[in-house]
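Labels below follow one simple rule: chain letters A, B, ... track the order of the sequence lines, proteins then strands, and each chain is numbered from 1.
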2 protein chains.
Amino acid sequence: MTSVLAVAKHAGVSTATVSRVLRGSLPVTAETRARVLEAVEQLGYQPNEMARSLRSGRGRGVALVTGDIEQGVYAALARDVQAELESIGLDLLLFNLGHREDRLHHLLERAPSLGLRGVLLSSPHVMDMARIGPVVEAATAAGVDVLSVSQDLSDFGLRSIVHDNVGGAAAAVRHLCGRNRGPVAFIGRIATSAIGRARFEGYRKGLAEQGQAPDPTLVWDISHGYRADAGYRVTGKALADGLRFRSVVAASDELAIGAMAAVADHGLSVPGDVAFSGFGNLEWGVYCRPSLTSVALDTEAIARAVGQTFSAGDNGAALPACRVIPTQLIVRQSA
Amino acid sequence: MTSVLAVAKHAGVSTATVSRVLRGSLPVTAETRARVLEAVEQLGYQPNEMARSLRSGRGRGVALVTGDIEQGVYAALARDVQAELESIGLDLLLFNLGHREDRLHHLLERAPSLGLRGVLLSSPHVMDMARIGPVVEAATAAGVDVLSVSQDLSDFGLRSIVHDNVGGAAAAVRHLCGRNRGPVAFIGRIATSAIGRARFEGYRKGLAEQGQAPDPTLVWDISHGYRADAGYRVTGKALADGLRFRSVVAASDELAIGAMAAVADHGLSVPGDVAFSGFGNLEWGVYCRPSLTSVALDTEAIARAVGQTFSAGDNGAALPACRVIPTQLIVRQSA
DNA sequence: CTGAAAGCGCTTACAG
DNA sequence: CTGAAAGCGCTTACAG
């Protein structure tokens with residue numbers, strides 16, 4: 001592979017000058033610049049990223065830490081963040097925890113030696129900050145930007161970019177109550193998911209607006225399970241137990257479709273007997289029948305905010321500690 | 001950050017010895033080894049990955065190139081490949097082409113200077129090998145292992161790991177015909193997707209087994225569109241045009257759910273009037289109603305085969321040029 | 001079995 | 001505005 005040295009010789013300059021032209025840092029004569037660029041062009045020179053990283057102290061990689069990339073929302077986030085990072089010359093490394101949260105600690109520990117430019121935490125799990133805190137600080141001190149892109153961790157000094165989960169869930173409850181769809185049940189991970197908690201909080205808030213409080217028998221915490229099957233089982237059990245509810249706010253579209261299947265398999269109709277609202281506004285929710293009413297999340301906006309943070313450089317201090325991205329209820333057939 | 005030098009001093013040995021202990025390469029006395037390991041432990045030493053990469057000529061990153069990470073199958077592949085790579089000490093970089101195939105060329109060009117250990121091509125697009133070939137060769141020559149994990153490119157010298165798409169589609173047709181569900185239509189990307197072509201080939205083969213040939217009016221190439229909306233539109237048009245068909249083989253679950261929605265919106269029933277079979281066996285297909293019959297893909301098996309390739313080292317020559325992973329039809333309510 | 005030394009390919013003070 | 005030189009933190013022949 002051709003190196004700076006080859007380019008320098010070809011252009012009749014020093015390696016320092018080549019580097020300066022390519023960095024665009026210090027001033028260089030227009031003609032020197034042109035000669036260097038021509039040499040780069042002719043030799044097809046590509047700067048060695050490993051050498052550059054070593055010398056400058058860190059690389060261009062940003063790790064996205066997900067809990068479960070197979071969930072539609074995280075796949076969308078990965079896509080949008082990758083596109084955004086690529087546009088500013090950064091690479092996305094994917095770390096899927098698969099709900100084994102202990103691996104996060106290990107990754108954060110290694111982040112500086114890997115030369116990571118940043119770490120984006122998007123696992124919804126409730127973070128054990130007592131354990132994670134020290135290693136986050138060490139990474140930050142070493143120049144790794146650690147951001148939270150799912151839950152608000154600004155109290156722990158982590159810049160956060162989060163959806164308005166409370167507002168989204170409250171809007172769903174408001175919509176359902178407006179159509180006289182009470183009692184409203186809730187399905188989500190509450191004990192183990194910070195996002196689930198926020199959505200439950202929105203559910204509670206929405207009910208409070210109607211002068212109601214959550215009925216504990218209609219709050220279904222599926223912290224032991226995940227995705228559609230959890231929604232299916234918990235809803236099936238509720239029906240078998242004879243609980244009365246006219247609608248369900250599910251903390252994800254996956255949970256919602258599982259719950260709808262349970263209702264259908266129980267011989268009830270959607271939305272006639274039970275109405276549903278999900279979270280994520282995933283594509284398949286638009287095409288299942290009945291189509292799924294859902295709180296839309298704006299992963300592109302998250303990605304843009306992430307990009308801003310990495311572009312900000314030293315004046316990043318001006319950015320807010322916690323940025324909240326609005327959510328929007330999209331009404332379809334299920335509610 | 002603590003470096004080898006610090007560890008060496010602490011252990012009273014040279015940096016070379018520290019490196020040998022950590023690499024586990026050349027022989028070292030048990031006690032020297034113990035001293036070094038203790039120093040590593042006490043200082044919390046983590047080898048600098050950037051320096052190691054520079055010195056050894058390449059890093060530990062493997063790029064996964066997808067066409068559309070939001071499609072369930074690719075998200076599952078990303079998850080499984082990441083887990084497999086992590087188990088052998090490699091990192092996954094995600095490059096989502098977003099169906100802009102020109103970017104593949106650019107990535108392959110940069111692969112050596114990025115120090116990539118490998119590139120996994122999982123875009124389904126028909127590759128322009130005349131254009132891609134030279135840059136693949138250059139990357140390979142520079143030590144980057146380029147694999148195809150979606151389409152068979154072994155004729156072009158690329159080790160390939162692919163699903164049995166032909167067999168899967170043929171099995172779907174066989175199942176539908178066995179239930180007297182002809183005429184059978186096909187939806188997929190044919191002109192622009194190598195995977196779509198393979199599935200179409202399986203469709204043709206399945207029909208041939210019944211002594212039939214494809215009816216051109218029932219072969220719907222959606223090379224201009226993607227995902228559920230394309231399935232919805234093309235099926236809606238077929239219904240509006242008054243075409244007669246009793247079942248549909250869709251080249252993805254996304255296309256299938258879109259097509260099912262079109263049938264439902266047309267006032268017909270699934271599977272009563274039209275039966276459906278998809279590809280991917282995605283989770284939401286299990287819970288939509290009617291649930292979706294689908295050809296299951298084994299992304300874990302793909303991931304394992306990828307891991308084997310990277311673990312193989314020099315005796316990788318023993319691995320087959322093209323490995324075919326079996327697929328399996330999962331019958332549910334839609335067919 | 002171990003150490004001294006060179007070098008991977010860059011970038012960046014330091015001089016001029 | 002440009003060059004000579006040092007050095008980022010490792011690994012690996014080369015000696016011993």
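- Rounded to a whole angstrom, the distance from the P atom of D:dC14 to that of D:dC10 is 24 Å.
- A:S123 and A:L97 make their closest contact through CB-CD1, 4.0 Å (heavy atoms, listed as atom of the first residue, atom of the second, distance).
- Counting heavy-atom neighbours within 6.0 Å of B:R52 CZ, excluding the residue itself, gives a total above 12.
- One finds no side-chain N or O of A:S3 lying less than 4.0 angstrom from the OP1 or OP2 phosphate oxygen of C:dC8.
- In terms of heavy atoms, B:E49 sits closest to A:L114 at CG-CD2, 3.8 Å.
- Nucleotides C:dT2 and C:dA6 are separated by 23 Å at their P atoms, to the nearest Å.
- OP1 or OP2 of C:dT11 sits under 4.0 Å from a side-chain N or O of A:R23.
- OP1 and OP2 of C:dC1 both lie 4.0 Å or more from every side-chain N or O belonging to B:T17.
- The residue among B:A16 and B:M50 whose nearest nucleotide of DNA chain D is located toward the 5' end is B:M50.
- For C:dC10, neither phosphate oxygen OP1 nor OP2 lies less than 4.0 angstrom from any side-chain nitrogen or oxygen of A:S19.
- Proximity of B:T15 to the phosphate of D:dG9: no side-chain N or O atom is located under 4.0 Å from OP1 or OP2.
- Summarising the geometry, the separation between CD on A:E31 and C1' on D:dT2 is reported as 12 Å, rounded to the nearest angstrom.
- Comparing B:S56 and B:R33 by the nucleotide of DNA chain C whose heavy atom lies nearest to each, the residue mapping closer to the 5' end is B:R33.
- Considering only the side chain of B:R55, C:dC8 comes nearest among C:dC10, C:dC8, D:dA4.
- At a cut-off of 3.5 angstrom, counting only N and O atoms as typed in the model, there is a donor on one side and an acceptor on the other between the side-chain of B:R20 and the base of C:dG3.
- If you take atom P in D:dA15 and the same atom in D:dT11, they sit 22 Å apart, rounded to whole Å.
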Original post:
Under the side chain to side chain contact (heavy atoms under 4.5 Å, CB included) criterion, do A:R323 and A:Q308 qualify, and how do the steps go?
Top reply: CA-CA 12 Å; A:R323 173 131 169 220; A:Q308 279 170 20; 3.1 Å; yes
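- Contact annotation: A:T29 side-chain N/O to D:dC1 OP1/OP2 distance is not under 4.0 Å.
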Donor-acceptor pairs under 3.5 Å, side chain of residues 28-41 of chain A to any protein atom, not counting sequence neighbours: which ones?
{"residue": "A:R35", "atom": "NE", "partner": "A:A11", "partner atom": "O", "Å": "2.9"}
{"residue": "A:E38", "atom": "OE2", "partner": "A:Q42", "partner atom": "NE2", "Å": "3.0"}

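- Residue A:L5 contributes atom CG, which lies 11 Å from atom C1' of C:dC10 at whole-angstrom precision.
- Of the C1' atoms belonging to D:dG16 and D:dT12, the separation is 16 Å, rounded to the nearest Å.
- For the pairing with B:E86, the salt bridge (Lys or Arg N to Asp or Glu O under 4.0 Å) check across A:R110, A:R103, A:R100 returns one residue only, A:R103.
- Of the candidates B:S154, B:S150, B:S148, B:D152 forms a side chain to side chain contact (heavy atoms under 4.5 Å, CB included) with just one, namely B:S154.
- A:L114 has its CG atom 13 Å from the P atom of D:dC10, to the nearest Å.
- Nearest to the side chain of A:V13, among D:dG3, C:dC10, D:dT11, sits D:dG3.
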Original post:
Where each pair must be Watson-Crick or G-U wobble with both distances under 3.5 Å, what dot-bracket representation of DNA chain D is obtained, with crossing pairs in [ ] and other-strand partners as |?
Top reply: |||.||||||||.|||
